Amino acid sequence: MIVMQVVPKDGKVDVYRLLRAKVLHEATTWSWGNKAKTRLRHVNSEGYIDVRGADGVLVAHIYPSSPRDVFYLSEKFLGRLAAWFEEDLAAINVQFVPDPKRKKRRRSR
């Protein structure tokens with residue numbers, strides 16, 4: 001799984017709120033996948049990006065549905081952030097986190 005942290009230049013800007021407003025009002029290829037506006041979807045992908053705000057910092061977890069989506073969602077999301085909010089951002093940190101192992105379910109007899 002890929003995790004991106006988007007850090008604003010100053011503490012006064014909330015990147016999650018900026019992204020939320022941009023996707024609601026201006027974005028044509030991005031949309032929200034749930035009512036809480038935390039699941040971001042791209043029109044050409046089956047995967048999604050789970051976005052959360054934490055003290056002005058945006059934390060995005062990328063959940064691809066296929067191996068192609070790992071690259072596609074990461075590239076599109078990073079490019080849009082840079083294009084939309086270049087003046088407001090100080091850093092975009094990318095982390096490669098191992099996928100959590102799923103526990104095997106015990107079968108009842």
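These numbers come from the heavy atoms of this one structure, side chains and all, not from hydrogens, waters or symmetry mates. Because the structure is a prediction, the values reported are computed rather than measured.
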Same apolar cluster (I L V M F W Y, side chains within < 4.5 Å links), I2/F71:
no
Passes side chain to side chain contact (heavy atoms under 4.5 Å, CB included), I92 versus L89? Steps please.
CA-CA 8 Å; I92 299 176; L89 301 181; 4.0 Å; yes
What about Y16 and V3, same hydrophobic cluster or not, with Ile/Leu/Val/Met/Phe/Trp/Tyr joined at side-chain heavy-atom distances under 4.5 Å?
no
Can you check whether T38's main-chain N or O pairs, donor with acceptor, with N34's side chain at less than 3.5 Å?
yes
Would you name the heavy atoms of R20 and W32 that are closest together and state the gap between them?
CA-CZ2, 3.5 Å
Please name the pair of heavy atoms, one in E46 and one in S65, separated by the smallest distance, quoted to 0.1 Å.
CB-OG, 3.1 Å
Linking I/L/V/M/F/W/Y whenever their side-chain heavy atoms sit closer than 4.5 Å, directly or via other members, would V59 and I62 fall into one cluster?
no
Are any side-chain N or O atoms of R52 and backbone N or O atoms of A60, one a donor and one an acceptor, separated by less than 3.5 Å?
no
Report yes or no: does K9 contribute a side-chain atom to a donor-acceptor pair with the main-chain N or O of E87 at less than 3.5 Å?
yes
Hey, does R80 have a side-chain heavy atom less than 4.5 Å from the side chain of W30?
yes
Are V70 and V97 connected in the hydrophobic side-chain network, where two residues link if heavy atoms are under 4.5 Å apart?
no
Has Q95 got more than 12 heavy atoms of other residues, nucleotides or ligands less than 6.0 Å from its CD?
yes
To the nearest 0.5 Å, how far apart are CG in D88 and CG in D10?
8.0 Å
Have a look at L40 and tell me which of L73, D50, V23 forms a side-chain contact (heavy atoms from CB on, under 4.5 Å) with it.
V23
Flag yes if more than 12 heavy atoms outside E86 fall under 6.0 Å of its CD atom; otherwise flag no.
no
Do you reckon F85 sits in the same ILVMFWY cluster as V57, going by side-chain contacts under 4.5 Å, direct or chained?
no
Begin with the C-alpha distance, continue with both residues' side-chain angles, and end with the deciding distance and a verdict on side chain to side chain contact (heavy atoms under 4.5 Å, CB included) for Y63 and I49.
CA-CA 6 Å; Y63 293 99; I49 302 172; over 6 Å; no
Looking only at side-chain N and O atoms, does N44 offer a donor or acceptor that is under 3.5 Å from a partner on Y72?
yes
Evaluate M4 against L78 for side chain to side chain contact (heavy atoms under 4.5 Å, CB included), listing each step before the verdict.
CA-CA 9 Å; M4 291 187 188; L78 184 66; 4.3 Å; yes
Mark yes when over 12 heavy atoms from residues, nucleotides or ligands other than R68 sit less than 6.0 Å from its CZ; otherwise mark no.
yes
Between the CZ atom in R39 and the OG atom in S31, the distance rounded to the nearest 0.5 Å is 12.0 Å
Before giving the answer on side chain to side chain contact (heavy atoms under 4.5 Å, CB included), spell out for L24 and K37 the whole-Å C-alpha distance, their side-chain angles and the decisive distance to 0.1 Å.
CA-CA 9 Å; L24 278 176; K37 294 181 180 43; 3.5 Å; yes
Between CG on residue D14 and CG on residue D55, distance to nearest 0.5 Å
9.0 Å
